[in-house]
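Everything on this sheet refers to the single structure shown next.
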Amino acid sequence: MSTTAFVTGFPGFIGRRLVPRLLAEDPARRVVALVEDRMVAPARELAGSFGERVEILAGDITERRLGLGDDDWERLRSEVTHVFHLAAIYDLAVPVHVAQRLNVDGTGNVLELCLAAERLQRLAHVSTAYVAGRRTDVVYEHELVMGQGFKNHYESTKFQAEVWVRRLMDRVPTTILRPAIVVGDAFSGETEKFDGPYYLLRAISRMHRLGRSVIQFGASEASFNVVPVDYVVAAIAAAGSASETVGETLHLVDPDPLSSRELLRLLSQHYAGRSPSGRIPAWLVTAALRAGPVRDAFGGTPHESIAYLNHRVTFDTRRAVDLLSPLGLRPPRFVDYIGPVVEFFRAHEDDPAFMRRR
């Protein structure tokens with residue numbers, strides 16, 4: 001029987017990789033991608049390589065009924081079998097009203113479609129491991145509302161969105177996926193932009209070009225959790241259809257994350273052939289990054305990102321491992337693919353196309 005997957009977040013970093021994966025895994029599947037007006041042209045250009053099985057539908061997740069006319073809405077209600085909700089704003093410095101509209105209202109509007117869809121089999125909701133907010137120690141996949149505070153509006157609004165999704169799980173068959181910080185492909189290193197841990201590589205590059213070693217910063221023993229995009233895409237595609245994952249929340253994270261100290265050391269060794277020397281307190285780095293010249297010296301690192309080098313948290317992965325391993329998926333360790341990540345950065349670090357996008 002044919003299926004129709006409704007996808008938000010195309011042609012974004014994860015979405016542009018997820019759509020061909022969905023097509024490959026089910027030859028009878030069609031994909032309808034909801035795309036905001038300004039991205040329709042590039043989305044259609046990319047979708048052209050997938051043939052007639054992909055439809056680009058102009059709409060807006062921030063509007064009720066996704067900004068669609070009656071005909072398109074009714075057609076989706078009758079056709080959609082799977083929903084993959086990826087669209088969100090990931091900027092750590094995003095103003096609260098923008099994050100609220102996109103991350104929370106947008107999720108509510110996608111849920112409206114899910115509740116109306118006559119053939120719906122599954123909602124795959126892409127959340128984030130950082131709905132844990134400022135919690136420390138071990139965070140389990142079944143946990144959510146634990147009285148936590150948040151480091152920024154991105155975290156707090158993704159938390160609100162997941163609360164909304166969970167409250168409707170008795171009416172909408174759902175799988176929640178919580179990635180850590182997503183980096184490039186584990187095999188090619190390919191990525192879309194250099195943010196997250198790539199800010200560390202920018203700082204290492206600046207110091208290396210000046211003939212200096214980078215200085216260690218961040219809470220040395222705090223873990224820093226990253227996950228490659230290819231694993232995230234494969235896990236979303238598999239978990240979004242497998243019967244075993246309905247009603248589950250899965251952490252898509254590194255099960256054995258590096259400490260901030262080890263991360264910076266390995267990145268520096270791979271890129272510059274030397275280890276960091278000296279240390280600056282993390283609070284001082286955060287304060288200094290508010291000044292433009294210092295921020296430039298650290299490769300454009302936003303001060304909001306330093307909090308993730310100081311956060312002593314570990315994400316349990318028992319459900320993800322138990323449910324995804326039989327599907328041939330296991331969470332990779334950053335040490336196993338750090339080489340391709342660094343080499344892709346080295347090859348493209350001066351390309352303005354990879355600079356941070358707001």
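Counting all heavy atoms, side chain and backbone alike, G240 lies closest to A124 at CA-CB, 4.0 Å. The nearest pair of heavy atoms linking S205 to F345 is CB-CE2, 4.3 Å. For L23 against R53, the heavy-atom pair with the smallest separation is O-NH2, 3.0 Å. In terms of heavy-atom proximity, K158 sits nearest to A88 at NZ-CB, 3.8 Å. In terms of heavy-atom proximity, V182 sits nearest to P179 at CG2-CB, 4.0 Å. Y231 approaches P332 most closely through the heavy-atom pair CG-CD, 3.7 Å.
One finds the CG atom of D26 at 13.0 Å from the CZ atom of R21 (value rounded to the nearest 0.5 Å). Separating the CZ atom in R212 from the CZ atom in R206 is a distance of 13.0 Å, to the nearest 0.5 Å. Rounded to the nearest 0.5 Å, atoms CD1 (I236) and CG (L86) are 5.0 Å apart. Summarising the geometry, atom CD belonging to E55 is positioned 15.0 Å from atom CZ belonging to F50; distances are rounded to the nearest 0.5 Å. One finds the CG atom of L102 at 11.0 Å from the CG atom of D91 (value rounded to the nearest 0.5 Å). Rounded to the nearest 0.5 Å, atoms CG (L123) and CG (L113) are 9.5 Å apart.
With respect to E141 and R319, no salt bridge is recorded, no charged nitrogen being found less than 4.0 Å from a carboxylate O. With respect to the salt-bridge test (charged N to carboxylate O, under 4.0 angstrom), the residues D350 and R209 qualify.
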*Between F194 and L201, is a side-chain contact (heavy atoms from CB on, under 4.5 Å) present by the stated rule, with each step listed?*
CA-CA 9 Å; F194 294 144; L201 280 170; over 6 Å; no
*asked:* Please evaluate residues S223 and N225 with respect to the criterion side chain to side chain donor-acceptor pair (under 3.5 Å), reporting the C-alpha separation (whole Å), side-chain torsions for both, the decisive distance (0.1 Å), and the verdict.
replied: CA-CA 6 Å; S223 61; N225 208 300; 5.7 Å; no
*CA sep, side-chain torsions, deciding dist, call: R166, E162, salt bridge (charged side-chain N to carboxylate O under 4.0 Å, His left out)*: CA-CA 6 Å; R166 282 180 173 240; E162 188 175 322; 3.0 Å; yes
*asked:* For R330 and V321: C-alpha separation, side-chain torsions, deciding distance, then whether side-chain contact (heavy atoms from CB on, under 4.5 Å) applies.
replied: CA-CA 6 Å; R330 293 193 66 86; V321 169; 3.9 Å; yes
_R178 and H251: CA distance, side-chain angles, deciding distance, side chain to side chain donor-acceptor pair (under 3.5 Å) verdict_ = CA-CA 5 Å; R178 291 181 183 164; H251 278 151; 3.2 Å; yes
*Audit row: V131, T128, side-chain contact (heavy atoms from CB on, under 4.5 Å) steps and yes/no*: CA-CA 6 Å; V131 293; T128 172; 3.9 Å; yes
*Please lay out, stage by stage, how T191 and Y198 fare under the test side-chain contact (heavy atoms from CB on, under 4.5 Å).*
CA-CA 10 Å; T191 189; Y198 295 97; 3.8 Å; yes
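Enclosure of atom CG in D71 is not indicated, since only 12 or fewer non-hydrogen atoms of other residues, nucleotides or ligands lie within 6.0 angstrom. The local environment of CD in E74 is crowded, with over 12 non-hydrogen atoms from other residues, nucleotides or ligands closer than 6.0 Å. Residue R346 places its CZ atom among more than 12 non-hydrogen atoms of other residues, nucleotides or ligands, all under 6.0 Å distant. More than 12 heavy atoms of other residues, nucleotides or ligands shown are found within 6.0 angstrom of CD on E118.
Relative ring orientation between Y337 and F334 is described as perpendicular, the plane-to-plane angle rising above 60° on a 0-90° scale split at 30° and 60°.
When atom types are taken as modelled, the side chain of T81 and the backbone of T4 share a donor-acceptor pair closer than 3.5 angstrom. A donor-acceptor distance shorter than 3.5 angstrom exists from the side chain of S49 to the backbone of L46, with no hydrogens or angles considered. Looking only at distances, no side-chain donor or acceptor of S2 sits under 3.5 Å from a matching main-chain atom of A28. Of the possible donor and acceptor atoms, one in the side chain of S259 sits under 3.5 Å from a partner among the backbone N and O of E262. A distance-only check finds a donor-acceptor pair linking the side chain of E155 to the backbone of K151 [under 3.5 Å]. S260 contributes a side-chain N or O that, together with a main-chain N or O of A222, makes up a donor-acceptor pair within less than 3.5 Å.
By the side-chain hydrogen bond (donor to acceptor under 3.5 Å, both in side chains) test, D185 is found to be paired with no residue, residues two or more places apart in sequence or in another chain being considered.
Identified under the ring-ring contact (aromatic ring centres under 6.0 Å, His included) test for residues 87-139, with sequence neighbours left out: H85-H125, Y90-Y154, Y130-Y308, Y130-F315.
Put simply, the residue from R77, R64, R65 that forms a salt bridge (Lys or Arg N to Asp or Glu O under 4.0 Å) with E112 is R64.
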